[in-house]
Protein chains: 2
Amino acid sequence: MPETLEETLRKTVRAATISEVAALAGVSTGTASKALNGRGSLRPETRLRVQQAAEQLGFVVNGAARSLQTGRTYTVGMITTDSIGRFSIPLMIGAEDALGAGQVSVLLCDARDDPIREKYYLRTLLSRKVDGIIVTGRRNQARTPIATDLPVPVVYAFISSSDPRDCSVVPDESDGARKAVRHLLAIGRRRIAHITGPEHHHSAQVRAAAAIEALGAEGLRPATDTMYGEWSEAWGRQAVGMLLSTGADVDAVFCGSDQIARGVAEALREADRDVPRDVALVGFDNWDVMVEGCRPQLTSIDMDLEGIGRSAAELLLAAINGEPVQGQRAQLCRLVPRASTAVLAES
Amino acid sequence: MPETLEETLRKTVRAATISEVAALAGVSTGTASKALNGRGSLRPETRLRVQQAAEQLGFVVNGAARSLQTGRTYTVGMITTDSIGRFSIPLMIGAEDALGAGQVSVLLCDARDDPIREKYYLRTLLSRKVDGIIVTGRRNQARTPIATDLPVPVVYAFISSSDPRDCSVVPDESDGARKAVRHLLAIGRRRIAHITGPEHHHSAQVRAAAAIEALGAEGLRPATDTMYGEWSEAWGRQAVGMLLSTGADVDAVFCGSDQIARGVAEALREADRDVPRDVALVGFDNWDVMVEGCRPQLTSIDMDLEGIGRSAAELLLAAINGEPVQGQRAQLCRLVPRASTAVLAES
DNA sequence: AGCGTCAAGGCAATCGTTTGCCGAACGTTT
DNA sequence: AAACGTTCGGCAAACGATTGCCTTGACGCT
């Protein structure tokens, strides 16, 4: 007789409980528990017998029951304030990586920049008794702490909390900007312009300031005033138009984002300026699809988002285990050189 | 006396339990439970008193205890087989959306295309007693079912299971390709080429076949043989080179991806062919950063990944509630017209 | 023979909620 | 006044695992 549709789709293979395992192995549930968790003092033979019984029955512990007893869920919540985006993903991967290795699962919450949703998610996370929470999101200013007096530790990743005592892991954008400028200087450029995003944007400010400072350290000044605009290719193209029309003498451009840089590359190309011969180019973000689609391929600054996610998760684990860390950790950036800043063979 | 660092970071605000709430409200725990869950028959006044007590103590139920009792966790697992990527994210957002509204949380698992990790995650999901599982990942062939005889329902999103009885939600790529071709026909193009990804790639095949068929329906044939290559801008540029050097007479190109299309647009531009006047262009994926960075902005086919994620979640919820659905659901695509297929004013 | 020691494993309390069942109190009906 | 129905709320048994404590029996020592 063929299975009904119902049966086919929902095999009610009611999972075995530890008492069934114990019964099969001929021991008490307590002993079975000890056997499976490597605790207590048991004859190796007994231990093995229990393990085989568990295997045979396809036993998987009931996490709810265990959590109830032990008070730990081996679960952390991850709240992204903006919609899960380009930046959140590497962060998540990194965190998931560090946690997964420690057998901890991640509950994903997308608050969509809505404080109401955020509170709601926080509540459900607490009700699920997560062991800790990672807060992340689009970078801008420091954000207000998600809550105070939480019964679980919280770590902020990428964004930082406005309370300096909270634990945050952020990229050191100044470091990134300095590395970009130094790299351009190292390949012999001296007339460097900086084209970036909106002036009111925190990242734009920080990067611009660090770039100017790095030039200053060599006794140089930017080739033009910092050109603030948007984080888009279109702005990059437009900025090049402005640069060329003013006849500015520029041999390198450091861009506030890869998108801007790509626009710059295109516009330069169309104006018959060779990259990197006439103008060298450095972007920011090291966003694969942008740096690789760019002609020539784009040298860029990598904020190591995965690393930030990983660090945040590690700090969270430490806090969960009773070794809390306070304050901000700034993670250094990495310059990834590509053709847009290649040193050309003398010929 | 100032707080110790320990105190500051880990306010051990031991969460209140329902018995404390009950005590404060002067009722038994059973009654308190009924009051908070809107069950049983209680005087409205009592109910209110309990609710206020809960409020006052900042009570949040212990999900573990509840799950243990009710057997439901209001949690589903989401396994992505490839690393969380560009496609997985909208799917996740969609799923999270549909589930979040139903108060269900998502446990995120990134199996990184590694069967071992996949098994491991599956096991932890089962141990966490998730109510259901969504499997997703990079699209290619149908994948082997993640397991059989699971105690919980499974829905495949974007990818499909090779067992036709499993429930899968996939994009109707043929529909997308047909819509692209019909759109080009509708704006008066007749000599249409198709440039796409690797020939061995399932999506490339399906889209190409549907495109040819849609042309055939109008008694037309493609302007050239389908041009298989890679899913990259570089291939798009290269393909245009080939097209132009053979002197093929083409007034539109349908591309298998937005990246290819963008490469095509650039190469055409550099060859002084106007888009859309000389050659109209349609991409596939409707990937914001590609379609918007393209000059002119790119008409593209949107597979509605969020919608697929949402449908998958809804089907999963239905299955959890005892109304399982079998088989594949194909979700239609949407054409998003932009400047690359604009009809020009006669002038 | 008597005693102490130790290993092995059973017992039962416990975690926090939910829920079916039962009892008390009160009002209504005859 | 007795019988009955309702409403409200308490009681206690689950759910499944963990763990400290206790019992049992074997063994070694004096």
Practice problem: Grab the CZ-P distance between A:Arg39 and C:dG10 for me, whole Å please. | Solution: 18 Å

Quiz item: Roughly, in whole Å, what's the span from CD in B:Gln69 to C1' in D:dA13?
Solution: 9 Å

Quiz prompt | Distance, rounded to the nearest Å, where B:Leu48 contributes CG and D:dC8 contributes P | solution = 15 Å

Practice problem: Check the distance between C:dG20's C1' and B:Lys34's NZ and give it to me in whole angstrom. | Solution: 8 Å

Self-check item: First encountered from the 5' end of DNA chain D, between B:Leu68 and B:Thr29
Solution: B:Thr29

Quiz item: Ignoring hydrogens and geometry, is there a side-chain-to-backbone donor-acceptor pair from B:Tyr156 to B:Ile146 under 3.5 Å?
Solution: yes

Quiz item: For B:Thr70 and D:dC15, is the shortest distance between a side-chain N/O and OP1 or OP2 below 4.0 Å?
Solution: no

Quiz item: Are any of A:Asn37's side-chain N or O atoms less than 4.0 Å away from OP1 or OP2 of D:dT18?
Solution: yes

Quiz item: What is the distance, rounded to the nearest whole Å, between atom CZ of A:Phe59 and atom P of D:dG16?
Solution: 11 Å

Quiz item: Roughly, in whole Å, what's the span from CZ in A:Arg47 to P in C:dA7?
Solution: 13 Å

Self-check item: Donor-acceptor under 3.5 Å (B:Arg49 side chain, B:Ala25 main chain)
Solution: yes

Self-check item: Separation of B:Glu323 CD from B:Leu317 CG (nearest 0.5 Å)
Solution: 11.0 Å

Quiz item: For B:Tyr74, is the NZ or CZ atom of B:Arg72 found under 6.0 angstrom from the centre of its six-membered ring and inside 45 degrees of the ring axis?
Solution: yes

Quiz item: Under 4.0 Å between a side-chain N or O of B:Asn62 and OP1 or OP2 of C:dC15?
Solution: no

Quiz item: So does A:Thr46 get a side-chain nitrogen or oxygen closer than 4.0 Å to the phosphate oxygens (OP1/OP2) of C:dG9?
Solution: yes

Quiz item: Hey, does the side chain of B:Thr29 reach the backbone of B:Ser19 with a donor-acceptor pair shorter than 3.5 angstrom?
Solution: no

Quiz prompt | Whole-Å distance separating the CD atom of B:Glu45 from the P atom of D:dC8 | solution = 11 Å

Quiz item: When you measure from the side chain of B:Arg43, which nucleotide among D:dG9, C:dG10, C:dA12 comes out closest?
Solution: D:dG9

Quiz item: Just how far, in rounded Å, is C1' of C:dG10 from CD1 of A:Ile18?
Solution: 14 Å

Quiz item: Hey, does the side chain of A:Arg66 come within less than 4.0 Å of D:dG16's phosphate (OP1/OP2), counting only N and O?
Solution: no

Quiz item: Within less than 4.0 Å of OP1 or OP2 of C:dG9, is there a side-chain N or O belonging to A:Thr31?
Solution: no

